[in-house]
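In what follows, a structure is listed as C-alpha cells, so that the remarks can point back to it.
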Amino acid sequence: MLDEEYMEMCLTEARAARAKDEVPVGALVTDENDVVIAQAHNRTRALTDPGAHAEMLALRSAALKRGNYRLTGCTLFVTMEPCIMCAGAIIEARIDRLVFGCYDEKRGAFGSVIDINALPLNHKVKVSGGILQEKSASLLKQFFTIRRGTEVAITGPTRNRLYV
C-alpha cells in the first residue's frame, strides 16, 4: 500500500472521532510487512484522559498485539503532526517511521514547534510530513470552526486561565 492509502484509513478514524465530538485525529500502526496492526482515533473526552490521543491509543494497541512495547520495524501513520507527549511515546516505542498529514504549528514535535529528532536522544525516527495535508487540515478546521465559542461548556470556566 502507498502512504496515501494508509492516510485515507487514518482519515476514516479521524471522521469517527469527529462523529463522537472528539478532535478529529486518526492513527494506525503497520508492522514490518506493511500489515495494519492497530487503528485508533482521539478519545480524550470519552475516556476523560488527556493522554488518549490517537497516536497513544494506536501505539498501546499495537504493543499489546505484539506482546512487546518495542515496535521496531513499525510505521505510525497519523493525520496530524504528533505533540511532544506522543513524540515521547513514539521514541520509547522505537517506531522506525512516522508519516503524518498536516503540520501542527502550535504543538507539533516533529518540526513545527520543536523537532524531537534534533535532540540528543538514542533513537531517531524517519519522518514524512504533509501526506494528504489538505484533507487532514480541512477536517480540523471544520471541527474547530463549529466549536468556536463553546469552550466553556467543553473544558470548564477556567480554560486557559492562570488563576481560578
Side-chain angles (χ1 to χ4, degrees), residues 1-46 50-62 71 73-119 121 123-151 154-155 160:
M1 270 188 152
L2 300 173
D3 288 353
E4 289 81 7
E5 293 173 278
Y6 289 117
M7 194 58 68
E8 286 288 354
M9 294 171 72
C10 290
L11 286 164
T12 298
E13 285 288 334
R15 289 182 197 99
R18 184 184 64 196
K20 297 173 184 170
D21 211 23
E22 298 275 3
V23 175
V25 176
L28 65 82
V29 177
T30 61
D31 67 13
E32 51 280 329
N33 298 313
D34 295 325
V35 174
V36 176
I37 58 172
Q39 291 180 246
H41 54 268
N42 274 3
R43 296 187 62 211
T44 55
R45 293 187 69 206
H53 289 192
E55 303 95 307
M56 300 292 282
L57 297 173
L59 291 172
R60 285 183 189 132
S61 179
L71 299 173
C74 292
T75 299
L76 173 66
F77 292 84
V78 61
T79 55
M80 186 165 118
E81 179 184 4
C83 70
I84 195 163
M85 173 185 68
C86 295
I90 290 165
I91 296 296
E92 288 301 313
R94 302 300 192 264
I95 288 289
D96 281 0
R97 185 166 172 254
L98 167 68
V99 179
F100 67 84
C102 61
Y103 291 84
D104 184 350
E105 300 297 329
K106 293 180 181 179
R107 303 177 318 137
F110 283 92
S112 290
V113 176
I114 65 164
D115 184 358
I116 199 90
N117 277 329
L119 299 175
L121 301 174
H123 181 71
K124 303 294 180 197
V125 181
K126 296 177 201 110
V127 179
S128 299
I131 309 300
L132 299 186
Q133 179 172 336
E134 291 303 317
K135 286 185 175 183
S136 296
S138 178
L139 271 176
L140 289 159
K141 286 176 189 170
Q142 290 169 14
F143 178 80
F144 286 111
T145 297
I146 292 167
R147 296 296 283 277
R148 201 164 285 129
T150 65
E151 295 91 348
I154 295 164
T155 60
N160 293 334

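Computed from heavy atoms alone, side chains included, the values below leave out hydrogens, waters and symmetry copies.
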* Go through Arg107 and Met85 one step at a time and tell me if the side-chain contact (heavy atoms from CB on, under 4.5 Å) criterion holds. => CA-CA 10 Å; Arg107 303 177 318 137; Met85 173 185 68; over 6 Å; no
[X] side chain to [Y] backbone, donor-acceptor under 3.5 Å:
X      : Y      : value
Arg45  : Asp21  : yes
Glu55  : Val78  : no
Thr79  : Leu11  : no
Thr145 : Lys141 : yes
Tyr6   : Asp34  : yes
Asp31  : Asn33  : yes

Over all atoms of both residues, closest heavy-atom pair of [X] and [Y]:
X      : Y      : value
Cys86  : Met56  : SG-CG, 3.7 Å
Val99  : Thr75  : CG2-CG2, 4.0 Å
Glu4   : Leu132 : O-CD1, 3.6 Å
Glu22  : Phe143 : O-CE1, 3.4 Å
Ala38  : Ala58  : CB-O, 3.4 Å
Asn117 : Val125 : ND2-O, 2.7 Å

Flag the pair [X] / [Y] as yes when at least one side-chain heavy-atom distance between them is below 4.5 Å, and no otherwise.
X      : Y      : result
Asp104 : Phe110 : no
Cys74  : Ile95  : yes
Glu8   : Lys135 : yes
Ile131 : Phe77  : no
Ser128 : Arg97  : yes

In Å and rounded to the nearest 0.5 Å, what is the [atom1] to [atom2] distance from [X] to [Y]?
X      : Y      : atom1 : atom2 : answer
Leu76  : Leu28  : CG    : CG    : 7.5 Å
Leu98  : Ile116 : CG    : CD1   : 11.5 Å
His53  : Leu59  : NE2   : CG    : 12.5 Å
Cys102 : Glu134 : SG    : CD    : 9.0 Å
Glu81  : Gln133 : CD    : CD    : 10.0 Å
Glu13  : Gln39  : CD    : CD    : 5.0 Å

* So does Leu121 have more than 12 non-hydrogen atoms from other groups sitting under 6.0 Å from CG? ->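 Counting neighbours around CG of Leu121, more than 12 heavy atoms of other residues, nucleotides or ligands fall under 6.0 Å, so yes.
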* To do: Compute whether any side-chain donor of one residue and acceptor of the other, for Gln142 and Ser138, lie under 3.5 angstrom apart.
  => yes
